[in-house]
Amino acid sequence: MPALPMLSSGVRQYLLVTGNYWAFTLTDGALRMLVVLHFHSLGYTPLQIAALFLFYEIFGVITNLVGGYLGARLGLNRTMNIGLGLQVAALLMLTVPAPWLSIAWVMGAQAMSGIAKDLNKMSAKSSIKLLVPDSQQGTLYKWVAILTGSKNALKGVGFFLGGALLALLGFRGALLMMASLLALIWLASLLLLKKDLGKAKAKPRFRDILSKSRAINILSAARLFLFGARDVWFVVALPVYLSSVFGWDFWMVGGFLAAWVIGYGLVQSCAPALTRKISGKARGQVPDGRAAFVWAALLAGLPAAIALGLYSGLSAHWVLLGGLLVFGALFAVNSSLHSYLIVSYAKADGVSLDVGFYYMSNAMGRLLGTLLSGWVYQAYGLEACLWISSAFVLFAALISLGLPRHAD
């Protein structure tokens, strides 16, 4: 902390943005677990629970598309503060008396939370592009991996926090506590984030929100299927399966998923070292489109293998939990590679336009996965969700073949 004043103004602003992003991530992970577990305990079906997140994902698509434009015009600090304020409002919306918690009301609160989350993500991911020179791609890969990994580790802590707070304070008490703490962080952010980090020199036109870069378009399409592959079984099907089939209580479901996401985040943070060591690349060399294809191909068959293990009658605990660990590690590397590639491909001036477009595709993948997670699990079971997951990863790998590659 004593060294903080010695840092450049831009770096200090970025650290503050990152700190806000981390605080927001804790509440986002906790809120998701609270909603899934609370409404499952009230007797909601998996499809109804998935519907609760429908607006969260739909408005995430819209926010990423429009948010990049707003970030380029207004500055990333302002979009960050708007996101924090909206999340406080979303948490408070869910503290109303129980009879008011209709599906439509909860979907509205989730819509506000989805807008808030993607404004925060876009602000943080875009900021890092402005701090690393284009000539230092190895450093950029490392910084993106650390930011992405630490965020997901904290989201895992948020999952555990959600399950724990639901057991200790109840649904309404947990929401009130999180809203109060995040409101304090939001007020501090309003005072400290003063510089318009990320504001484009040339005012972008609204039509600029649609990317014109072939590499970004291809990467965005691959990202859609990659994250659809995760969420088709992770968002609704897995927590409900652990609760209803394994008989786990709130603490166990929240604790396990928290540990999984924390481990996933740690692997993401180590992705630069892992990809360099496994591929045999020298220090300073960075991945390209070939690496995105190879790592997606490695992941593609795993969900199908888990489904076959469950179908064959092997111990569901060993097959599912062991498969989840391997899936988490491979998916983490894929996600970290993608996060680096989008920041690398994006233009420095108005970076949020390209990053926002890319994360719009990410949100579309989550939306598709969330809807399928509830419907397919309810109609056909977890094994069907896993087969769809494998197919989606395969699509992501094939699309990645079109990404630019380094000259040999």
Side-chain angles (χ1 to χ4, degrees), residues 125 137-138 140-153 215-234 260-307 322-346 358-359 361-362 365-366 369 386-408:
K125 292 290 182 72
Q137 290 296 302
L140 181 64
Y141 184 22
K142 181 178 178 181
W143 279 34
V144 170
I146 291 173
L147 174 67
T148 305
S150 62
K151 183 270 293 185
N152 282 306
I216 289 176
N217 289 334
I218 292 173
L219 186 64
S220 298
R223 183 79 170 192
L224 185 154
F225 284 106
L226 185 65
F227 273 74
R230 183 196 67 179
D231 286 2
V232 71
W233 65 296
F234 193 83
W260 186 91
V261 177
I262 291 170
Y264 164 79
L266 292 175
V267 174
Q268 280 186 310
S269 298
C270 299
L274 287 172
T275 54
R276 184 176 64 248
K277 184 174 182 180
I278 292 173
S279 64
K281 290 183 179 291
R283 182 177 295 275
Q285 288 187 298
V286 292
D288 58 3
R290 181 189 293 107
F293 165 74
V294 169
W295 283 95
L298 289 174
L299 178 64
L302 184 58
I306 298 172
L324 263 171
L325 295 178
V326 181
F327 180 89
L330 290 175
F331 191 90
V333 175
N334 275 276
S335 176
S336 196
L337 278 171
H338 277 223
S339 294
Y340 158 70
L341 289 173
I342 180 55
V343 176
S344 177
Y345 293 160
Y358 168 77
Y359 280 109
S361 297
N362 185 95
R366 293 199 317 264
L386 288 163
W387 281 108
I388 294 173
S389 177
S390 264
F392 276 15
V393 180
L394 180 60
F395 291 156
L398 294 175
I399 292 169
S400 298
L401 288 171
L403 291 170
R405 300 187 178 194
H406 299 322
D408 293 326

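Just so you know, these numbers use all the heavy atoms, side chains as well, and skip hydrogens, waters and symmetry mates. The first residue of the sequence shown is numbered 1, and numbering continues consecutively from there.
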Nearest 0.5 Å, please: how far is [atom2] in [Y] from [atom1] in [X]?
X      : Y      : atom1 : atom2 : result
Ser400 : Ile218 : OG    : CD1   : 9.0 Å
Asn334 : Leu298 : CG    : CG    : 8.0 Å
Leu341 : Arg223 : CG    : CZ    : 10.0 Å
Arg366 : Leu226 : CZ    : CG    : 12.5 Å
Phe327 : Trp233 : CZ    : CH2   : 5.5 Å

Partner set under ring-ring contact (aromatic ring centres under 6.0 Å, His included) for Phe225, not counting sequence neighbours
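Expected list: Phe392, Phe395.
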
What closest approach, in Å, do [X] and [Y] show between heavy atoms, and which atom pair accounts for it?
X      : Y      : answer
Leu299 : Leu330 : CD1-CB, 3.7 Å
Gly328 : Trp260 : CA-CZ2, 3.4 Å
Ala304 : Ser390 : N-OG, 2.9 Å

Mind checking side-chain contact (heavy atoms from CB on, under 4.5 Å) for Ala391 and listing every partner two or more places apart, or none if nothing turns up?
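side-chain contact (heavy atoms from CB on, under 4.5 Å) list for Ala391, sorted by chain: empty.
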
All side-chain contact (heavy atoms from CB on, under 4.5 Å) counterparts of Ala221, not counting sequence neighbours
Ile399

Plane angle bin for His338 and Tyr358 - parallel if under 30°, tilted between 30 and 60°, otherwise perpendicular
tilted

Check for a donor-acceptor pair, side chain of Ser220 on one end and backbone N or O of Ile216 on the other, with a separation under 3.5 Å.
yes

Testing Ser336, Ser335, Ser339 one by one against Gln268 for a side-chain hydrogen bond (donor to acceptor under 3.5 Å, both in side chains), which residue passes?
Ser335

